[in-house]
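In this chain, numbering begins with 1 at the start of the sequence shown. Keep in mind the model is a prediction, meaning the values are calculated, not measured.
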Amino acid sequence: MGQPKQTSSVTPLRAMSRAVSFAVLGGLLLSQTAAFAQSASPQPANGRSAASQDNRATNDAASAAGFDDETDDTATPAANGATANADDAQQRPAIPDAQAGDDITGSILDEDIRRLNTRETPIDETLPRRRAAESASTEETPGIPIGTFVLRPSVTQSINTETTKDGNTRQRRAFLETDAAATLTSDWGRHQLTVTSEGAWQRNISGEGEEQPSFKINSDLRLDLPDDTTAHLTAGYNFYREDTDDPDAIADAAQQSDVQEFSAGASVQRDFGILRGTTALALTRSIYSDAKLSNGTTVALSDRNQTTGTLRGRVGYELSPALIPFIEATIGRSVYDETRDSDGYERSSHNYGAKAGVEVDLGEKLKGEVGVGYEMADFEDSRLSSIDTATLDASLLWSPIRGTDVNLDLQTSIQPSTTAGESGYVSHALTTTVTHQLRDNLVGTMIGGVIWRDYPTDSTINDELVYTAATGLTWNINRYLDLTSTLGYELTTRKEGSDSQQWRAGVGLKLKR
């Protein structure tokens with residue numbers, strides 16, 4: 001058998017090209033001895049730069065000699081300026097300290113860069129959520145520092161129009177209203193005192209209608225005591241003019257009675273592990289002024305002055321911090337200054353109540369409480385029948401989406417009467433307030449409510465329903481100035497007698513600090 005023909009792996013043309021390459025490389029080595037000497041010094045960054053320049057010079061020279069990219073690369077400049085063969089290049093490990101600015105391309109890439117879908121960040125490495133920036137409508141004013149307190153006052157001046165229709169009687173008026181409010185908050189390391197106040201003053205500028213001034217102030221001193229105990233000391237004052245549609249209002253009065261209410265209270269709450277106990281005492285003093293009739297005479301209403309005290313106890317069981325079922329019991333006593341009123345009735349009474357419910361706290365989404373129970377008022381005069389009723393109370397704040405708040409309030413209470421022969425009625429009041437942030441500096445508010453005045457079956461007065469609806473816009477011009485507008489409607493329906501309606505609209509400016 002013939003021997004296989006031996007062929008050289010290097011053709012004459014390829015050998016010639018290599019010879020020319022070696023010749024050019026040698027010339028460059030001789031002409032740039034100083035550069036190679038500098039690259040040998042301990043300056044790695046400059047060494048790489050010099051080697052890079054030599055590599056480019058070699059490639060340019062090879063291109064000038066007529067060799068393209070397909071030229072065999074078994075002899076290429078190394079990173080330190082020396083030459084190496086193909087096997088050495090394959091065995092040389094990747095340079096661990098190569099940077100993005102190096103002239104080595106594609107040799108070192110982060111694994112996540114080569115991935116089409118990057119890895120999910122582990123939960124424990126997730127960055128904390130950014131706190132939502134406060135908008136112009138939610139940003140709180142800096143206030144006025146007063147010692148260890150901060151005072152935040154506001155004044156609203158508005159012009160309003162009101163139309164009232166009661167049967168065939170219609171009244172219109174335009175009036176100016178000044179609303180003032182202030183909050184005083186302590187800045188203590190322990191305990192806290194909060195004082196809130198608000199008032200309204202009206203002045204008719206045209207038409208006829210009764211002005212409705214009001215003012216109230218409340219204070220709450222929270223004491224942080226040892227052993228998971230918190231105490232509250234409260235005090236307040238409330239002044240208002242009785243509404244014409246109130247069941248106890250004087251018919252055909254030019255000005256209804258001015259009512260003053262003084263209140264004081266104390267409560268203690270303590271946690272006993274999973275149990276939470278609360279005890280509270282509240283006192284209220286009510287004073288009524290004389291009502292003025294259209295003919296100029298007055299009607300004395302001092303027989304309605306009374307003092308009411310209520311003792312309340314509650315025990316809650318903490319299933320979780322967000323869910324606390326509870327039971328509650330109350331006992332109260334109402335004492336009138338005069339043993340008998342102008343009609344000869346003894347209206348002092350004993351009040352009792354009990355309910356069970358649940359407290360909910362789901363953070364910003366939902367918080368409040370719901371309870372069902374029973375309440376009774378027993379009067380000292382045997383001619384006045386007792387009033388008892390099942391109760392359903394709720395106070396919830398719900399935020400379905402960011403920027404929208406829904407406040408639901410449902411209250412059941414017994415309201416005593418001053419009408420001769422009448423004990424009173426049960427009030428079922430439902431109010432819903434929706435606040436929505438339309439824009440960063442524009443907030444819309446809608447209010448809807450209904451009150452059912454439920455009289456006993458043996459009463460000579462028929463039940464009444466009061467419907468209310470209102471809407472408003474607040475435009476935050478800047479941190480200290482708001483433009484406000486309101487539109488409201490109220491309807492009172494009666495089974496017997498004429499219904500009454502009231503429309504009100506206004507626009508104003510609110511200055512706050």
Do [X] and [Y] come close enough that some side-chain heavy atom pair is under 4.5 Å?
X: Y425; Y: P247; value: yes
X: V406; Y: T432; value: yes
X: R333; Y: V335; value: yes
X: R222; Y: H191; value: no
X: L408; Y: T433; value: no
X: S302; Y: Y336; value: no

Atom pair [atom1] ([X]) and [atom2] ([Y]), whose distance is rounded to the nearest 0.5 Å:
X: R170; Y: T163; atom1: CZ; atom2: OG1; value: 7.0 Å
X: L483; Y: S158; atom1: CG; atom2: OG; value: 11.0 Å
X: T229; Y: Q269; atom1: OG1; atom2: CD; value: 9.0 Å
X: L442; Y: Q437; atom1: CG; atom2: CD; value: 9.0 Å
X: I250; Y: T244; atom1: CD1; atom2: OG1; value: 11.0 Å
X: S197; Y: I217; atom1: OG; atom2: CD1; value: 5.0 Å

Counting N and O atoms only, with roles assigned by atom type, does the side chain of [X] sit under 3.5 Å from a partner on the main chain of [Y], one being a donor and the other an acceptor?
X: R504; Y: G488; result: no
X: R347; Y: S417; result: yes
X: D381; Y: E346; result: yes
X: D246; Y: D248; result: yes
X: T391; Y: G373; result: yes
X: S257; Y: S289; result: yes
X: D341; Y: D343; result: yes
X: S500; Y: D166; result: no
X: D463; Y: Y455; result: yes
X: N204; Y: G209; result: yes

message: Once you measure the plane-to-plane angle for F262 and Y237, does it fall in the parallel (<30°), tilted (30-60°) or perpendicular (>60°) bin?
response: tilted
Where do [X] and [Y] come nearest, in terms of heavy atoms and distance?
X: S286; Y: E261; value: OG-CG, 3.8 Å
X: L293; Y: A251; value: CD2-O, 4.5 Å
X: H428; Y: A390; value: CE1-O, 4.4 Å
X: A249; Y: E242; value: CA-OE1, 4.1 Å
X: N351; Y: A377; value: OD1-CB, 3.4 Å
X: L392; Y: T412; value: O-OG1, 3.2 Å

Do [X] and [Y] have side-chain N/O donor and acceptor atoms under 3.5 Å apart?
X: T389; Y: E375; result: no
X: S267; Y: H232; result: no
X: T183; Y: R152; result: no
X: S342; Y: D303; result: yes
X: E490; Y: Y467; result: no
X: T460; Y: E422; result: yes
X: S386; Y: D378; result: yes
X: Q415; Y: S413; result: yes
X: T308; Y: S334; result: yes
X: E177; Y: Q202; result: yes

Before accepting this row, confirm whether a basic side-chain N of the pair [X]/[Y] lies closer than 4.0 Å to the acidic partner's carboxylate O.
X: E328; Y: R312; value: yes
X: K292; Y: D258; value: no
X: D482; Y: K512; value: yes
X: R173; Y: E208; value: no
X: K355; Y: D393; value: yes

- prompt: If you draw the axis of the six-membered ring of F326, does the NZ or CZ of R314 fall within 45° of it and under 6.0 Å from the ring centre?
  reply: yes
query: Is the NZ or CZ atom of R383 positioned over Y345's six-membered ring, under 6.0 angstrom from the centre and within 45° of the axis?
result: yes
task: Kindly check if the number of other-residue, nucleotide or ligand heavy atoms within 6.0 Å of OH (Y317) is above 12?
output: no
Greater than 12 external heavy atoms within 6.0 Å of R203's CZ: no
query: Do F149 and W188 have their ring centres less than 6.0 Å from each other?
result: yes
task: Output, in order, the C-alpha distance, side-chain angles, deciding distance and verdict of salt bridge (Lys or Arg N to Asp or Glu O under 4.0 Å) for R285 and D337.
output: CA-CA 10 Å; R285 169 72 175 166; D337 293 358; 2.7 Å; yes
- request: Might you work through the salt bridge (Lys or Arg N to Asp or Glu O under 4.0 Å) test for D271 and R276, ending with a clear yes or no?
  value: CA-CA 4 Å; D271 290 346; R276 176 180 299 177; 3.2 Å; yes
- request: I would like to know whether S399 and E364 meet side chain to side chain donor-acceptor pair (under 3.5 Å); could you show each step before the answer?
  value: CA-CA 7 Å; S399 180; E364 297 180 356; over 6 Å; no
